[in-house]
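All ligand and atom numbering here is 1-based and tracks the order in the structure.
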Amino acid sequence: MNSVMGALTKLAQSAAIRSTRAASSAAIQNDMQRFRSPVMSTGNALYARYGGRSTVTVLAGDGIGPEMLKHVTKIFQFANVPVDLEEVPLSSQPTAEEDLDQALTSIRRNGVALKGNIETKFDDPTFVSRNMALRRELDLYANVLHCHSIPTIPSRHKDIDMVVIRENTEGEYSGLEHQTIEGVVESLKVTTAENIERICRFAFDYAIKYGRKKVTAVHKANIQKLGDGLFLQMAGDMAKEYSNIEFESMIVDNASMQLVKRPQQFDIMLMPNLYGNIISNIACGLVGGPGLVSGMNFGEKYAVFETGTRNTGSSLAGKDKANPTSFIRASVDMLRYLGYSVHADIISDSLFRVLVEDRLHTPDIGGNSSTSQMIDALFRHMEQEIKKQVV
Ligand code: ATP
């Protein structure tokens, strides 16, 4: 009798183990799927494709940008990605005006760019940030960051899955500042109905397309009554056209507090430029920091892909310690945008496995792996993923 009971208990135990394993493998599949962040363009995208191959502009930027770009180049070669990278030097030196023109010409020709961050010095008030100049000249009005929890990456909160959508061209970033008299500086925050309309439309359309439930408009309309007031009013009016999407508004100070306290309440966060800069850095910090999240910039015609927090990481340059995840994910977003979703999935899923299955973590996320260890492991997983595709 005892032996029968023992056998039954063992059977029950192994069934429970199998079902726990199945549940955890389903959860991992879900997480891997989420790691393949969706990429929504604005509709009239232009990009260069000749003989089945695309050409994209690459701006390596400063700090860790050039070494990250080398890794991406090798990854693309390994995965046989039909994309040619046209590298254009864009220096942070104020004197190199023609560099900026060359970069703009190249992006206008190719339609798409992958970009490292370009350092902006604080000490020359006449020098316009190259990053800002590119966004403005190309009218890249929507900045999108998908910030979500990744298993095994240490963070204070779990189950975060939100999208930060930021107006990317105006507001405090108008670059219009002057000193009326010594000691009195006026900075103009410019808000236009036209730009609010298109960023709000982008956010609601994104919500519909990717099954998001709620849009939270973040503002400071209690103080900036006209500018942010207009943003808030227009976002609220537009919400009425999208009756399936829940809409709420939140003052930016409360939004910041809510974000660190209970980030799971947010789905899409929609906001003007400067709040977007700050909130997106908080959001990246919540899911593990600057090395993990990519950032996408869209206009009517062009798209530029970069890291979410727009750091140069100059103190990490040349040390083989930087987390390559955010840069690689930016390149994956770009492939998805160009329609190379098979290649994008191979790279994305392999990177996910490096982080989650192999637990190869660089020091910024509490590990002691090097960049190159991560890249080597990535190649191993890509090889397996490619074999699966071929079979
Ligand atoms: P400093 O501020 O001293 O010039 P930095 O240029 O490295 O250093 P930022 O580029 O502003 O600083 O980056 C902010 C922080 O994020 C730094 O601590 C940097 O090391 C870290 N960081 C940025 N990118 C990465 C990355 N890819 N992997 C790991 N840490 C990163």
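Taking the six-membered ring for Trp and the full ring otherwise, the centers of F305 and Y337 sit less than 6.0 Å from each other.
Under the 4.0 Å criterion applied to side-chain N and carboxylate O atoms, R108 and E137 are assigned as salt-bridge partners. A salt bridge between E306 and K115 is present, with a side-chain N of the basic residue lying under 4.0 Å from a carboxylate O of the acidic one. With respect to the salt-bridge test (charged N to carboxylate O, under 4.0 angstrom), the residues K189 and E170 do not qualify. Ion pairing of R353 with D358 is absent here, as no side-chain N (NZ or NE/NH1/NH2) approaches a carboxylate O to less than 4.0 Å.
H219 places a side-chain heavy atom less than 4.5 Å from the side chain of I251.
Enumerated by chain and number, the residues approaching ligand 1 to less than 4.0 Å through a heavy atom are I64, P290, G291, N311, T312, G313, S314, S315, L316, A322, N323, D364.
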